[in-house]
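Written out below as structure tokens is the structure these notes cover.
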Amino acid sequence: MAIIIDESTRVLVQGITGNQGRFHTRQMLEYGSNITGGVSPGKGGQEVGGVPVYNTVAEAMAAGGVDAAVLFIPAPAVKDAAFENMENGVKTIVIITEHVPVHDAMDIMAYAADKGITVVGPNTFGLISPGKCKIGIMPNQIYKPGTIGIVARSGTLSYEIANSLSAAGMGQSTVIGLGGDRIVGLSFVDVLERFEADAETEAVVLVGEIGGNAEEVASDYISKMTKPVVAFLAGKSAPPGKRMGHAGAIIERGMGTYDGKVAALSGSGAHVARLPWEVPELLKKAL
Amino acid sequence: MAIIIDESTRVLVQGITGNQGRFHTRQMLEYGSNITGGVSPGKGGQEVGGVPVYNTVAEAMAAGGVDAAVLFIPAPAVKDAAFENMENGVKTIVIITEHVPVHDAMDIMAYAADKGITVVGPNTFGLISPGKCKIGIMPNQIYKPGTIGIVARSGTLSYEIANSLSAAGMGQSTVIGLGGDRIVGLSFVDVLERFEADAETEAVVLVGEIGGNAEEVASDYISKMTKPVVAFLAGKSAPPGKRMGHAGAIIERGMGTYDGKVAALSGSGAHVARLPWEVPELLKKAL
Amino acid sequence: MKLFEYMGKEIFAHNGIKVPPGKVAAGPDEVYAIAAELGEVVLKSQVLSGGRGKAGGIKFADSPDEARKLAAELFGTDLKGFKTEALLVEKKIRIDKELYLSITLDGSARKPVLIASASGGMDIEEVPEESIVKKHIDPEVGVMPHFCREVVRRLGLAGNVAKEGADLLTKLYQVFKKYDCELVEINPLVISGEELIAADSKVNIDDEARFRYPAGTPIVEERTALEKKAHEIGVSYVELDGNIAVMANGAGITMATLDIIEHFGGKPRNFMDAGGGADSEATAQAIEILISTEPKVILVNIFGGITRCDEVARAFVRVRESAGIPVPVVIRLSGTNEDEGIAILRGIGIESYSDVREAAAKAVEIAAVS
Amino acid sequence: MKLFEYMGKEIFAHNGIKVPPGKVAAGPDEVYAIAAELGEVVLKSQVLSGGRGKAGGIKFADSPDEARKLAAELFGTDLKGFKTEALLVEKKIRIDKELYLSITLDGSARKPVLIASASGGMDIEEVPEESIVKKHIDPEVGVMPHFCREVVRRLGLAGNVAKEGADLLTKLYQVFKKYDCELVEINPLVISGEELIAADSKVNIDDEARFRYPAGTPIVEERTALEKKAHEIGVSYVELDGNIAVMANGAGITMATLDIIEHFGGKPRNFMDAGGGADSEATAQAIEILISTEPKVILVNIFGGITRCDEVARAFVRVRESAGIPVPVVIRLSGTNEDEGIAILRGIGIESYSDVREAAAKAVEIAAVS
């Protein structure tokens, strides 16, 4: 099981001949992901780590099919690359790129919603179903197969938490990064619904942060879930009006505060960890 | 049963205070259609034949829901009116208006396809499920409830055929006009699939004409149908390069000829009537 | 509405698509002057029919004198029934390769479709399927860079020509949208050194969008005088070459009426869809158009729904009383107020039928004997 | 990027949205000259904070002399920490009614959302939910006439004002798209006789779209000098007011590090996300920024993934050898090449922790005693 990706997922790397593309293609191959092709206009016929490079997504599609594409593409070209995948029938798009204009993100999400396409990101570390498939830039060694689903707005913090779970003997079904931008493809609810339906997942860790109302919206759904949810939120000490690294991590007009989110999550029955190292303990209690 | 519309369909008339809107609202009410409202900007609060008039579709929707809207709107404003209905959640749109620009029609159809909305027309007489609901401009008296489905590209010709079927004791499940334009919402196949699945429909009459390749595409599907299909095509004698009244009825670059369509339909197992009065006879034989 | 080649090229040039330097001329002397400016030139007859080249409508001239001489011949020529009233005089360009490119409507897909081929200069129908690039355009998305890259790659373009190709696709789609086109076609699209040049243009604009044509959009009247008059009174009319004038209500039933006439061995003079629900005055004007074509007989086929049979009958009374009706009239009336209509017509000596078979057979019989 | 009111109004005016006649002035004499031209005027401090009116940043003047006098006061005033460096001098307009209108992003819906209210002039947060018109805009469709009709109807506009309202909505959405806005807000939008006039403007533009801003789009630098320097070396940096300088790799982990510091009773000097996979030179530059803020201690929290712990350690060696490190450093290293990193740091006398708890507690302790 696991959600969204597994060992059968055929992955295309767009921007495979760039520095980032090359490096992470090798990392993903090392992890065992089924990378079946890469795209780089004008570089068709080359290879990266044994993976064939195509000029266009259409070519890659014709050569053997693509289930998911991961984009290592400069921000101004992300919209075009995302549409190239979507218009050619790719059903899961992972956008690693940071600094994508919000209007481009909205255009991508509107089209994706119409066509039933799953978009992860932009500004995400990607997603991994440990032992099966990794699409993204997270370190290979910190995950273990298991029954905990992790959904996070931020990368490194989720690595830290995944690592501490692995160390405590709690492996993961799927770990997914929503992305740090204000407009991203998946919401907490979208992912929680999938974890709730996934036979392999027994509990979920939600890693949120200040800004927006994603955690508040998620709380409504969590109150209806049968599986336990442990939440940790970053940004308790952040001052209002400042973007804390992520475009979406900002308290504006009194919205998106730490306290508001904690109240909503606690009210929904989620177990809220006040400090990151409390997560494994709370999870053990909840299971 | 019947397809698309029945006695439960709540109908909204857009452009209800115009001449056409008023006249046909009365006709539809007389037929027994469930007209629950009309829209005419700035005329909210008035009534037409006892039907309340609203300023906007949103108002009408809020007042009690709308299942289908019929547009009596000048061609330049049709796109806006269609989107007003679609964006406010109306799931079936019947566009009577002729002379709608094709680019507007394409925009409407693209959005409708994304959102699962059924568009009948433009340039259609509408559709009727005899004895249940009529949405359109066809005469009230020629139809009888029954088991024959009729799908036509043109209006009066289908009236003539429906009338001859009624006279021969063969009532209709639903009669639907695709519209005479090049870009219309429903194809023959879309309607044939619905008739094939409709328990009430026993046989189908397809009324086609020269131009385009709608009949050729339909033939592929007809060869897989379990229900008999009788076809009649207009335009045998039409010269190439001339639009015969309908924007779509034109033989261009050797495409859309009468002979080509007859060959395709005959090959698919449809019974092709060479003259309109042969339709009832062929239908009787086929049943 | 079909535009002349030179009009399409003006639109192209205005929207950043390269065309050969050239001007349109209305007589041989103008041609001489333009050729004197441009050097070696091509003379192209501005007619709306296809296959113009094969019919002799395109000539090359090395000198202004030769250009004038050839022009004099071309202005006299009849090309497939079209008279040359204007010549496009263009500088001869270097041709390294000819491509085909068009964007048109696909009714089945309800979307625009781009069609391109590395084999230009001939009818696209004659190009083998496998060497045609065919890609639908989602009107919600338009033509994005990746779309252009894919097309250009499949056409085998490289270097600067590939760049110009991608740029051209973007601009051609902009023209297609901006001018409400049904078709924009460039055949041939010429690779000339490092440039891509539209050596021909075929631009068809949607008549229905006339209310929003961009300023300066040319208007070409394709209708005959009679068709134009019919259009003005809201009647759909097409001239044909037989002798039985036809009026019916609805495009489908009118086509079927023509078919039935031919079935009985007759030849229709026209297609006339008088529409639904016209009043007797409008119908009377339509009848006058039919009379003006001097047919041997008029066949009217009305299936009354919205159209009331008595209104149609009254229209005939009206024409009979004013201009008179100099030819026999055969009428089929059926549907709304049928009996009333039949009675009115009987009053002016016109016999009606309720079956179209009998009416059509009678009209063909009259046309054959008179 | 937040624009000043006058910049937003220039964009409005350029795109057909009505604003009061006015000019921006940098000193009291300029104010006098503008007032002499316009008559009765309003002086508006150009600062980026909200609640400017309540804070005294808006004044009315009946004469040029009064305008100069009030201007002299305003140029000296500090408004919520912002100094007034420019005044917008506008002709006083007749106010019949004040409305609120904005288009912004809705992250949950992933769409733009229009928010409007017939109660303008106050914060939209203070307007009761039921008198707010809130409608999402489908980016694939945009703002169509029916959308405008519905909004205008719900705002209760009539006659020419309704027409102007529909037109304004269309134009405001065009501005929102064309300038890659995150927010366009008009509060108040004034009904002035038969006209609709934008009496204020709040325009926030997406920093990430700078590569395609329309020509002439103003640029406002909101970053402090230090934040700007950090931005140039690709580091995300926010100044805070404590004494513990912080560096971590990743926005979430950096926020969490600040939270942990506060949990142990300390106060962070900054937010610094040094990103993933930076080399030792870039990291060294980031360390120098931290040192330049003169903190009592530097706390580094690295969870190595793409970031290699040995590279971070080498950055400290590099800074130690060049500029020197004048404050205590507490480092948590965990993950990729952790052992190597710890060894390198031990070589220059810096002790590492593998648990962030211990590191943070130590840093807070140092800050407290020093």
Side-chain angles (χ1 to χ4, degrees), chain B residues 23 75-76 99-107 109-111 113-114 125 137-139 141-142 152-160 163 180-185 187 207 209-214 217 232 234-239 242-249 253-254 258 274-277, chain C residues 50 105-108 110-112 123-125 138-141 176-177 180-182 206-212 236-241 248-263 267-268 271-273 275-277 301-307 334-336 355-357:
Chain B
F23 177 78
H99 305 301
V100 174
V102 287
H103 283 262
D104 290 359
M106 287 193 289
D107 289 345
M109 302 319 160
Y111 187 85
D114 285 343
F125 57 91
I137 59 170
M138 58 292 255
Q141 68 278 8
I142 59 176
R153 277 171 70 184
S154 68
T156 332
L157 188 55
S158 81
Y159 306 166
E160 173 113 38
N163 192 52
D181 284 357
R182 275 160 309 162
I183 306 288
V184 292
S187 68
V207 184
E209 62 194 33
I210 54 157
N213 67 343
V217 173
F232 173 75
K236 187 181 182 195
S237 64
K242 294 278 185 183
R243 286 192 206 285
M244 303 307 273
H246 282 159
R253 305 183 170 203
Y258 179 85
R274 297 299 173 138
L275 292 158
W277 50 82
Chain C
L105 307 174
D106 181 345
S108 301
R110 305 174 191 91
K111 281 177 191 167
D123 270 7
I124 191 70
E125 287 79 16
D138 184 338
E140 291 183 321
V141 175
F176 182 75
K177 288 286 284 183
D180 274 282
C181 295
E182 298 171 346
D206 184 3
D207 290 289
E208 311 299 13
R210 194 176 283 205
F211 65 91
R212 66 179 175 206
S236 181
Y237 183 88
V238 179
E239 276 194 84
L240 301 171
D241 53 10
N249 61 327
I253 204 170
T254 311
M255 274 189 269
T257 306
L258 305 188
D259 297 346
I260 293 166
I261 288 171
E262 294 214 350
H263 171 74
K267 294 282 278 176
F271 168 103
M272 181 188 273
D273 167 12
N301 184 14
I302 301 296
F303 184 83
I306 308 311
T307 306
S334 180
T336 313
D355 187 329
V356 68
R357 258 176 289 197

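Numbered from 1 within each chain, the chains take letters A, B, ... in sequence-line order. Fair warning: this is a prediction, and the values are worked out from it, not measured in the lab.
Taking the side chain as every heavy atom from C-beta outward, C:Pro112 and B:Met106 approach each other to under 4.5 Å. Contact check for B:Met244 versus C:Leu258: side-chain heavy atoms found under the 4.5 Å cut-off. Counting only heavy atoms from C-beta outward, the side chains of B:Glu209 and C:Met255 approach each other to under 4.5 Å. Considering only heavy atoms from C-beta on, C:Thr336 comes within 4.5 Å of B:Gln141 through its side chain.
Every side-chain contact (heavy atoms from CB on, under 4.5 Å) that C:Ala248 has, sequence neighbours left out, goes to C:Ile253, C:Thr254, C:Thr257, C:Asn301. For B:His99, the side-chain contact (heavy atoms from CB on, under 4.5 Å) test picks out B:Ala75, C:Glu208, with sequence neighbours left out.
Only the side chain of B:Lys242 has a heavy atom closer than 4.5 Å to any heavy atom of chain C. Of the atoms belonging to C:Lys267, not a single heavy atom falls under 4.5 Å from chain B. Using a 4.5 Å cut-off between heavy atoms, C:Ile261 makes no contact with chain B at all. If you measure heavy-atom distances from B:Val100 to chain C, the contacts under 4.5 Å come from the backbone alone. Only the side chain of B:Val217 has a heavy atom closer than 4.5 Å to any heavy atom of chain C. Of the atoms belonging to C:Tyr237, not a single heavy atom falls under 4.5 Å from chain B. For B:Pro76, the parts sitting under 4.5 Å from any heavy atom of chain C are the backbone and the side chain alike. For chain C, the nearby part of B:Asp114 is the side chain; its heavy atoms alone come within less than 4.5 Å. Looking at C:Asp259, the atoms closer than 4.5 Å to chain B (heavy atoms on both sides) sit in the backbone and in the side chain alike. The contact between C:Phe303 and chain B is made by backbone and side chain atoms together, counting heavy-atom distances below 4.5 Å. Proximity to chain B involves both the backbone and the side chain of C:Arg357, based on heavy atoms less than 4.5 angstrom apart. Only the side chain of B:Phe232 has a heavy atom closer than 4.5 Å to any heavy atom of chain C.
The nearest pair of heavy atoms linking C:Gly252 to B:Leu157 is O-CD2, 3.7 Å. The minimum heavy-atom distance linking C:Asp206 with B:Pro101 is given by the pair OD2-CA, 3.2 Å. Smallest separation of non-hydrogen atoms from B:Thr156 and C:Gly250: OG1-CA, 3.3 Å. Residue B:Val102 comes nearest to C:Leu105 through the heavy atom pair CG2-CD1, 3.9 Å, listed as atom of the first residue, atom of the second, then distance.
A distance of 11.5 Å separates CD1 in C:Ile260 from NZ in B:Lys236, rounded to the nearest 0.5 Å.
With respect to the salt-bridge test (charged N to carboxylate O, under 4.0 angstrom), the residues C:Asp207 and B:Arg243 do not qualify.
Remark: side-chain polar atoms of C:Arg110 are not paired, donor with acceptor, to backbone N or O of B:Ala110 under 3.5 angstrom. A donor-acceptor pair under 3.5 Å is absent between the side-chain atoms of C:Asp273 and the main chain of B:Gly245, judged by distance alone. The main-chain N or O of C:Ala251 is never found under 3.5 Å from a side-chain atom of B:Ser154 such that the two would form a donor-acceptor pair.
Using a 30° and 60° split on the angle between ring planes, B:Trp277 and C:His263 fall in the perpendicular class, above 60°.
Residue with the most contacts toward chain C among B:Asn213, B:Asp104, B:Ile142: B:Asp104 (heavy-atom pairs, distance under 4.5 Å). The choice from B:Ser187, B:Pro139, B:Gly235, B:Ala238 that makes the most heavy-atom pairs within less than 4.5 Å of chain C is B:Gly235.
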